[in-house]
Number of protein chains: 2
Amino acid sequence: MRLVIAQCQVDYTGRLTAHLPWARRLIIVKADGSVSVHADDRAYKPLNWMSPPCTLTEREPAADEAAAVSALDPQITTVWEVDSAGGDHLQILLGDISLDVTEELGVDPGLQKDGVEAHLQELLAENPDAFGEGWSVVQREYMTPIGPVDLLCRDAEGTYVAVEVKRRGEIDGVEQLTRYLDLMNRDHLLGDHVLGVFAAQQIKPQARTLATDRGISCLTVDYDALRGMDHPEERLF
Amino acid sequence: MRLVIAQCQVDYTGRLTAHLPWARRLIIVKADGSVSVHADDRAYKPLNWMSPPCTLTEREPAADEAAAVSALDPQITTVWEVDSAGGDHLQILLGDISLDVTEELGVDPGLQKDGVEAHLQELLAENPDAFGEGWSVVQREYMTPIGPVDLLCRDAEGTYVAVEVKRRGEIDGVEQLTRYLDLMNRDHLLGDHVLGVFAAQQIKPQARTLATDRGISCLTVDYDALRGMDHPEERLF
DNA sequence: CATTTTATGTCGCTT
DNA sequence: AAGCGACGTAAAATG
């Protein structure tokens with residue numbers, strides 16, 4: 001990884017065209033070939049960047065580039081040309097350089113995540129009581145011609161229930177579950193009428209309204225409480 | 001802006017829970033308060049981060065933290081605790097530090113963009129000939145009950161045409177235009193039959209197929225050529 | 001302030 | 001390679 005802090009002017013042409021006037025910025029060149037140009041804000045997002053695979057060429061400024069600089073602009077010390085396979089191009093004119101360090105980081109062991117939709121689905125599959133007394137899980141990822149239903153359950157009366165699990169419940173998810181229910185109820189393979197439950201950690205009011213309007217029950221899932229019901233020794237960390 | 005390269009172990013709890021084992025990484029602390037932890041890959045995306053507003057507290061390792069370290073783990077030199085208003089928390093244990101520099105960057109003049117959807121729409125509105133000889137623009141952002149149609153035009157015969165403009169033409173855009181056309185043709189306010197044109201810099205094959213199947217014409221827009229037809233002195237740069 | 005749309009979205013998985 | 005969905009999506013425009 002190479003870190004450069006320098007006065008720079010950046011021009012990007014690719015999916016769009018973008019221009020950065022002269023200013024002091026951080027430029028990161030990673031081992032994967034990526035180049036990103038950061039200001040001191042915008043959180044982790046760079047002002048401009050090039051994704052790998054791409055090649056970085058460092059060259060002396062051409063005579064006309066040096067001459068074209070106005071009195072207000074800094075002297076150009078180096079020009080970086082970054083080219084991607086897709087034809088995108090990033091040009092960085094470098095002026096005064098106040099930092100230029102290269103450090104070896106090695107391969108990263110990577111990020112361990114916990115608490116995404118898959119885990120929510122696992123937890124619900126292991127704790128169908130979260131839906132109600134006497135509920136059982138028939139199958140996870142129950143396949144239909146238009147995709148898998150997250151959970152197929154039966155309630156206390158033995159009626160089949162299709163459950164759509166989301167971390168954040170929005171209208172899209174209700175539409176998705178509606179399509180599944182339409183299909184499953186058309187086939188009559190699962191009895192007279194398959195019910196629907198929309199389960200999420202947080203359900204947007206619009207989604208709740210639409211679900212209710214379509215006879216779909218909503219369940220707001222408390223992830224931590226559910227995890228407490230689960231076997232704590234099975235957690236990742 | 002502060003740049004630190006160090007052995008570190010990171011734990012995040014917030015919308016999800018995530019853990020990074022010990023490894024050498026880059027840590028960026030920006031003037032906006034954000035903290036991000038980068039490996040030498042994943043392009044510009046950090047492994048873990050905290051968005052502003054948040055507070056960074058640097059402290060000595062507690063006795064038990066120092067004691068809990070196994071023989072294989074590095075000696076903990078410092079602990080960073082990053083807290084956001086929303087209750088998110090990022091803890092960074094720092095081991096050997098090989099770089100720790102702070103540089104003032106100042107305020108960035110910011111990014112100038114050109115070539116986004118809005119510009120495409122402007123250019124097409126100013127050059128309806130791009131659609132065909134004798135075309136005219138009736139209105140931009142023509143309102144319908146389900147949203148605005150990008151451009152309402154009339155072709156050489158005077159027939160109304162709804163134009164959907166996208167930078168990249170995908171199925172979603174065709175669906176959107178279809179909904180507009182259904183609505184407009186139901187009302188008969190704009191004559192017998194409103195035609196549709198799907199205009200984009202690049203149109204995905206599936207989108208083209210779907211559009212054609214629905215009787216919607218496709219127009220691949222050459223942004224540079226269109227800009228050439230436009231007044232060059234009005235360009236941003 | 002809440003909602004919708006855009007994004008050089010990115011990333012990972014499936015066909 | 002292209003399609004599809006999730007993301008700690010974020011950020012901007014809009015009502």
Side-chain angles (χ1 to χ4, degrees), chain A residues 10-19 32 34-37 41-52 54 82 84-90 110-111 113-121 141 146-148 150 164-173 175-176 200-202 204-207 209 223, chain B residues 10-18 34 36-37 41-52 54 82 84 86-90 111 113-121 141 143 146-148 150 165-168 170-173 176 201-202 204-210 223:
Chain A
V10 184
D11 281 283
Y12 167 78
T13 51
R15 282 178 264 191
L16 55 63
T17 304
H19 172 77
D32 62 2
S34 65
V35 179
S36 38
V37 181
D41 60 356
R42 291 169 178 78
Y44 69 74
K45 184 131 202 231
L47 290 162
N48 225 324
W49 71 93
M50 188 71 88
S51 301
C54 62
V82 189
S84 84
D88 291 18
H89 184 76
L90 188 71
L111 187 67
K113 285 185 182 184
D114 186 17
V116 277
E117 181 187 319
H119 293 118
L120 207 66
Q121 195 192 114
E141 303 287 350
I146 54 170
D150 289 337
E164 178 67 33
V165 180
K166 288 268 182 264
R167 204 172 48 75
R168 291 165 57 183
E170 296 177 31
I171 281 184
D172 283 358
E175 296 283 14
Q176 197 178 341
Q201 278 183 274
Q202 190 194 15
K204 292 269 178 93
Q206 281 200 342
T209 305
Y223 184 75
Chain B
V10 185
D11 281 283
Y12 167 77
T13 51
R15 281 178 262 192
L16 56 66
T17 304
S34 66
S36 37
V37 181
D41 59 357
R42 290 168 179 79
Y44 71 73
K45 186 127 201 239
L47 291 162
N48 225 324
W49 72 94
M50 188 71 89
S51 301
C54 61
V82 189
S84 83
D88 290 19
H89 184 77
L90 189 70
L111 185 69
K113 286 185 183 183
D114 187 15
V116 278
E117 181 185 318
H119 292 122
L120 246 156
Q121 194 191 117
E141 304 287 349
M143 279 307 300
I146 54 170
D150 288 338
V165 181
K166 287 270 180 262
R167 199 172 46 75
R168 292 165 61 183
E170 295 175 34
I171 282 184
D172 281 1
Q176 194 179 341
Q201 277 183 276
Q202 189 193 13
K204 292 270 178 93
Q206 280 202 342
R208 187 181 294 274
T209 305
L210 183 65
Y223 184 75

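The model shown is predicted, which means the values in this text are computed figures rather than measured ones. Order of the sequence lines fixes the chain letters, A, B, ..., with proteins taken first and strands second; residue numbering starts at 1 for each chain.
Here NZ of B:Lys45 is found 12.5 Å from CH2 of A:Trp49. Values are rounded to the nearest 0.5 Å. Distance check, rounded to the nearest 0.5 Å: CG of B:Leu16 to CG of A:Leu111 gives 8.0 Å. To the nearest 0.5 Å, atoms CG (A:Asp32) and CZ (B:Arg42) are separated by 9.5 Å. With rounding to the nearest 0.5 angstrom, the CG atom of A:Leu90 is 10.5 Å from the OG atom of A:Ser51.
Across the protein-nucleic acid pair, B:Trp49 atom CH2 and D:dA11 atom P stand 11 Å apart, rounded to whole Å. Following rounding to the nearest Å, A:Lys113 (NZ) and D:dA6 (C1') show an atom-to-atom distance of 9 Å. A:Lys45 has its NZ atom 11 Å from the P atom of D:dA10, to the nearest Å. Going from atom CZ of B:Arg15 over to atom C1' of D:dA10 covers 9 Å, rounded to whole Å. Here D:dC7 presents its P atom at 10 Å from CG of A:Leu120, a figure rounded to the nearest Å. For A:Glu164 and D:dG5, the CD to P distance is 11 Å, given to the nearest whole Å. Note: CG (A:Asp88) to P (C:dT8) measures 12 Å, nearest angstrom. At whole-Å resolution of the value, NE2 in A:His89 and P in C:dT8 are 19 Å apart.
The side chain of B:Leu16 sits closest to D:dG8 out of C:dT8, D:dG8, D:dA6. Comparing C:dT10, D:dG8, D:dA10 by their nearest atom to the side chain of A:Tyr44 picks out D:dA10. Taking only side-chain atoms of A:Lys166, from C-beta outward, the nucleotide of D:dA6, C:dT10, D:dG8 with the closest atom is D:dA6.
Among A:Asp11, A:Thr13, A:Asn48, the one residue that satisfies the side chain to side chain donor-acceptor pair (under 3.5 Å) test with A:His19 is A:Asp11.
Both B:Leu111 and B:Arg42 lie near DNA chain C, and the one whose nearest nucleotide falls closer to the 5' end is B:Leu111.
Spacing between D:dG8 and C:dT5 at atom P, rounded to whole Å, works out to 23 Å. Annotation: D:dA6 and C:dT8 have their P atoms spaced 22 Å apart (nearest Å).
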